[in-house]
Amino acid sequence: EGRKQHPPVQRLVIHTPRPFSAAQMELLEKMLAGWQLDIPVVVAVVGRCRSNGLLVFAPHGTTAVPPDGTWTRCAENSYLLNIHSGGKPARPHSGTATQVLPLRIGFSCNRPGHLEKEGVIDELLGQVYNFTRMHWHSPHPSPLPVTLTWPSRLASFLPGFQSPTLPLYGRYVPWFL
């Protein structure tokens, strides 16, 4: 019934701090084949450490800081996404400190040519940017997407659970991880 209400799945996007191994990708492809899903799998490797090895400047702008949410290609399938800790860069001499270091993001896909399709990289980078705006602790955006910070937060609570295994109910419902 869910397939009738929603358009078909176009691709699976996984945000992770480390690249997938060939064995992990093969296991994931087998699982998708078991569900009869023949879709591309995109792995977005989001660097937990902000990149400070490269400097990016705004072209033709009034400030030297690139606008929040803009990105720069630095290698094949490797990008720097400009995330400002306050959403906007600080005005000169305003007394506000805004951290502006680009977030390193690399993409890989199990389908050759998928990442080269028009608009795919824009959509994927926009998705990572939007996930940095989902922050539950404060009204200020997070420098990392919630798709990385939330699983880390859940894992930090795991030692406090009484059961060493996942309850039966939790095995068959979707998790936000």
Side-chain angles (χ1 to χ4, degrees), residues 1-51 67-84 87 102-137 139 141-158 161 163 165-177:
E1 186 177 321
R3 288 264 187 208
K4 293 176 185 175
Q5 294 176 352
H6 303 286
V9 177
Q10 295 175 351
R11 67 178 163 249
L12 173 63
V13 180
I14 299 171
H15 296 175
T16 178
R18 287 176 289 288
F20 267 33
S21 68
Q24 289 172 313
M25 185 60 78
E26 184 179 331
L27 184 63
L28 185 57
E29 288 173 340
K30 284 181 182 179
M31 183 180 68
L32 291 172
W35 291 340
Q36 298 177 344
L37 284 174
D38 185 27
I39 57 174
V41 176
V42 176
V43 177
V45 179
V46 181
R48 285 188 171 272
C49 304
R50 292 174 147 248
S51 176
D68 188 39
T70 58
W71 54 268
T72 304
R73 183 175 188 251
C74 55
E76 184 177 352
N77 296 325
S78 181
Y79 301 86
L80 295 175
L81 178 61
N82 297 300
I83 304 292
H84 301 213
L103 189 62
R104 291 175 295 140
I105 303 172
F107 294 104
S108 63
C109 185
N110 66 339
R111 300 277 171 86
H114 181 73
L115 295 174
E116 288 77 26
K117 290 180 181 176
E118 186 176 341
V120 169
I121 292 295
D122 288 334
E123 188 176 335
L124 293 170
L125 286 167
Q127 182 184 66
V128 172
Y129 175 77
N130 287 335
F131 279 127
T132 65
R133 297 306 180 237
M134 297 179 184
H135 194 45
W136 57 90
H137 284 245
S142 171
L144 287 171
V146 69
T147 50
L148 291 182
T149 57
W150 183 244
S152 295
R153 186 159 171 82
L154 285 176
S156 71
F157 291 138
L158 191 58
F161 291 124
S163 174
T165 60
L166 190 63
L168 186 61
Y169 171 75
R171 296 178 193 174
Y172 300 103
V173 295
W175 281 64
F176 179 62
L177 295 179

Please report the interatomic distance CD(Gln24) to OG1(Thr16), rounded to the nearest 0.5 Å. 7.5 Å
Gap between atom OG of Ser108 and atom CD of Glu76 - 0.5 Å precision: 11.5 Å
pair [X]-[Y]: side-chain heavy atoms closer than 4.5 Å:
{"X": "Ile83", "Y": "Arg133", "result": "yes"}
{"X": "Val46", "Y": "Pro145", "result": "yes"}
{"X": "Gln127", "Y": "Val13", "result": "yes"}
{"X": "Phe107", "Y": "Ile105", "result": "yes"}
{"X": "Leu80", "Y": "Arg104", "result": "yes"}
{"X": "Trp71", "Y": "Tyr129", "result": "no"}
{"X": "Leu81", "Y": "Val128", "result": "yes"}

Could you list the residues that satisfy side-chain hydrogen bond (donor to acceptor under 3.5 Å, both in side chains) with Thr70, not counting sequence neighbours? Asn82
Residues at least two apart in sequence or cross-chain that pass side-chain contact (heavy atoms from CB on, under 4.5 Å) with Ile39, listed by chain then number, are Val9, Leu12, Leu32, Leu37
Side-chain atoms of residues 110-125: list all donor-acceptor pairs with protein atoms under 3.5 Å, sequence neighbours left out, distances to 0.1 Å.
| from | atom 1 | to | atom 2 | distance (Å) |
| --- | --- | --- | --- | --- |
| Asn110 | OD1 | Val41 | N | 2.7 |
| Asn110 | ND2 | Glu29 | OE2 | 2.8 |
| Arg111 | NH2 | Asp38 | OD1 | 2.4 |
| Glu116 | OE1 | Gly113 | N | 3.4 |
| Glu123 | OE1 | Arg11 | NH2 | 3.3 |
| Glu123 | OE2 | Arg11 | NH2 | 2.9 |

Minimum heavy-atom separation for Phe131 and His15, please, with both atom names.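 Nearest heavy atoms, Phe131 then His15: CD1-CE1, 3.6 Å.
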